[in-house]
Amino acid sequence: LQLKAQMHAMKVWMTGLALAALALGAALAYFLTSSIVARLRRLTHIAEEVAHGKVEHTLERGSRDEIGQLFDAFAAMVDYLTRAAQTANLLAQGDLRTSVEPHSPQDHLNVNFAQMLKRWREDVETLQSNSHTMAGAAEEMSSVGSQLASHAEGSARQAQQMAEMTRSLSQSIHQVAAGAEEMSAG
């Protein structure tokens, strides 16, 4: 009887231990699942915001498991997009002093930014060169205009002198004609 009681007690104890292990396992599974789901929800929320253009996020890097690695990769992507957005902002403000270094030939965003920046710098150099050429042409035109004005003034003085000489000559001819009429009448 004592053996039977001990066996029964052992059975109850083993059943209790199994139930406790099962409850502990369920609690641990719930905790781990909740943690993973919460982190994945956070990552999903950030991904949705990035998809709508909000790229500036701070992601906490932490665990070394697969979810942590996913967070690290996503954080690197967000950092890359944040830097690209900052570069785009500088370019939009006309700051051509910025530099863009593509990470690889497959880095289409930064490759295109670098090409755009190079082309804009070339355009600015062309504009500067053309403006210097136009400034030189404007100075030359100003000089020619001054010379024309000077020649026009000289021509106007000469024309005025010719007109005065013609009047004077005309008066002399009238005086000679009047003198000739007087002589013939008299």
Side-chain angles (χ1 to χ4, degrees), residues 41-62 69-186:
R41 281 187 182 146
R42 168 111 171 96
L43 197 58
T44 301
H45 174 72
I46 292 171
E48 289 169 348
E49 287 187 341
V50 168
H52 288 95
K54 184 181 179 212
V55 294
E56 294 182 5
H57 289 279
T58 303
L59 290 167
E60 63 281 344
R61 295 178 178 164
Q69 291 172 0
L70 179 62
F71 261 82
D72 290 345
F74 203 80
M77 181 185 69
V78 167
D79 288 344
Y80 168 80
L81 291 173
T82 299
R83 285 191 310 274
Q86 291 167 345
T87 299
N89 185 38
L90 290 172
L91 292 175
Q93 293 176 17
D95 185 354
L96 302 182
R97 295 170 296 164
T98 189
S99 65
V100 178
E101 295 297 324
H103 299 293
S104 71
Q106 292 79 28
D107 182 0
H108 297 293
L109 188 59
N110 281 328
V111 165
N112 289 328
F113 276 148
Q115 288 174 349
M116 184 173 32
L117 186 58
K118 180 182 178 218
R119 195 164 289 126
W120 284 354
R121 286 176 179 159
E122 289 169 354
D123 289 346
V124 167
E125 286 176 14
T126 300
L127 283 172
Q128 286 175 335
S129 174
N130 290 344
S131 68
H132 290 303
T133 301
M134 290 186 71
E139 285 179 25
E140 199 171 312
M141 288 176 70
S142 174
S143 173
V144 167
S146 294
Q147 288 175 0
L148 284 174
S150 174
H151 289 304
E153 285 177 18
S155 294
R157 276 194 299 262
Q158 288 175 351
Q160 195 174 17
Q161 288 172 352
M162 277 293 252
E164 287 177 26
M165 287 171 55
T166 303
R167 270 188 297 242
S168 179
L169 184 60
S170 176
Q171 286 175 353
S172 295
I173 290 173
H174 283 293
Q175 288 174 354
V176 168
E181 266 182 40
E182 253 182 51
M183 285 175 113
S184 72

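The chain is numbered in sequence order, starting from 1. No hydrogens, no waters, no symmetry mates; every other heavy atom, side chains included, goes into these values.
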List the atom pairs, donor and acceptor, that lie under 3.5 Å between side-chain atoms in residues 165-177 and the rest of the protein, sequence neighbours left out.
| from | atom 1 | to | atom 2 | distance (Å) |
| --- | --- | --- | --- | --- |
| Thr166 | OG1 | Met162 | O | 2.8 |
| Ser172 | OG | Ser168 | O | 3.1 |

Would you mind writing out the side-chain donor-acceptor pairs for residues 128-137 within the sub-3.5 Å range, not counting sequence neighbours?
| from | atom 1 | to | atom 2 | distance (Å) |
| --- | --- | --- | --- | --- |
| Asn130 | ND2 | Thr126 | O | 3.4 |
| Ser131 | OG | Leu127 | O | 3.3 |
| Ser131 | OG | Gln128 | O | 2.8 |
| Thr133 | OG1 | Ser129 | O | 3.0 |

With a 3.5 Å cut-off and sequence neighbours excluded, list the donor-acceptor pairs that the side chains of residues 98-108 form with protein atoms.
| from | atom 1 | to | atom 2 | distance (Å) |
| --- | --- | --- | --- | --- |
| Ser104 | OG | Gln106 | N | 3.2 |
| Ser104 | OG | Gln106 | OE1 | 3.3 |
| Ser104 | OG | Asp107 | N | 3.4 |
| Asp107 | OD1 | Tyr80 | OH | 2.2 |
| Asp107 | OD1 | Asn110 | N | 3.3 |
| Asp107 | OD2 | His103 | N | 2.9 |
| Asp107 | OD2 | Asn110 | ND2 | 3.1 |

Which atom names give the shortest non-hydrogen contact between [X] and [Y], and what distance separates them?
X	Y	answer
Ala88	Phe113	CB-CZ, 3.6 Å
Ile46	Val78	CG2-CG2, 4.5 Å
Gln86	Glu56	NE2-OE2, 4.4 Å

**Asked** Does the side chain of Asn112 reach to within under 4.5 Å of the side chain of Gln115, using non-hydrogen atoms?
**Response**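 Result yes, sub-4.5 Å side-chain heavy-atom pair found.
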
Taking the side chain as every heavy atom from C-beta outward, state whether Leu117 and Leu96 have any atom pair closer than 4.5 Å.
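Answer yes - side chains close enough.
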
task: Could you check His45 against Glu49 for side chain to side chain donor-acceptor pair (under 3.5 Å), going step by step and ending with a plain yes or no?
output: CA-CA 6 Å; His45 174 72; Glu49 287 187 341; 3.1 Å; yes

inquiry  = Please list all pairs meeting side chain to side chain donor-acceptor pair (under 3.5 Å) that have one or both residues in residues 152-163, counting only residues at least two apart or in different chains.
reply    =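 Listed once each, the pairs would be none.
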
message = Please enumerate all residues that pass side chain to side chain contact (heavy atoms under 4.5 Å, CB included) together with Leu70, with sequence neighbours excluded.
response =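 Checked Leu70 against side chain to side chain contact (heavy atoms under 4.5 Å, CB included); matches are Leu40, Leu43.
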
Problem set entry | Partners passing side chain to side chain contact (heavy atoms under 4.5 Å, CB included) against Lys118 (at least two apart in sequence or in another chain) |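 By the side chain to side chain contact (heavy atoms under 4.5 Å, CB included) rule, Lys118 matches Glu122.
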
Crowding at CD, Glu164 (>12 non-hydrogen neighbours, <6.0 Å) =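 Counting other residues, nucleotides and ligands, CD of Glu164 exceeds 12 neighbours.
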
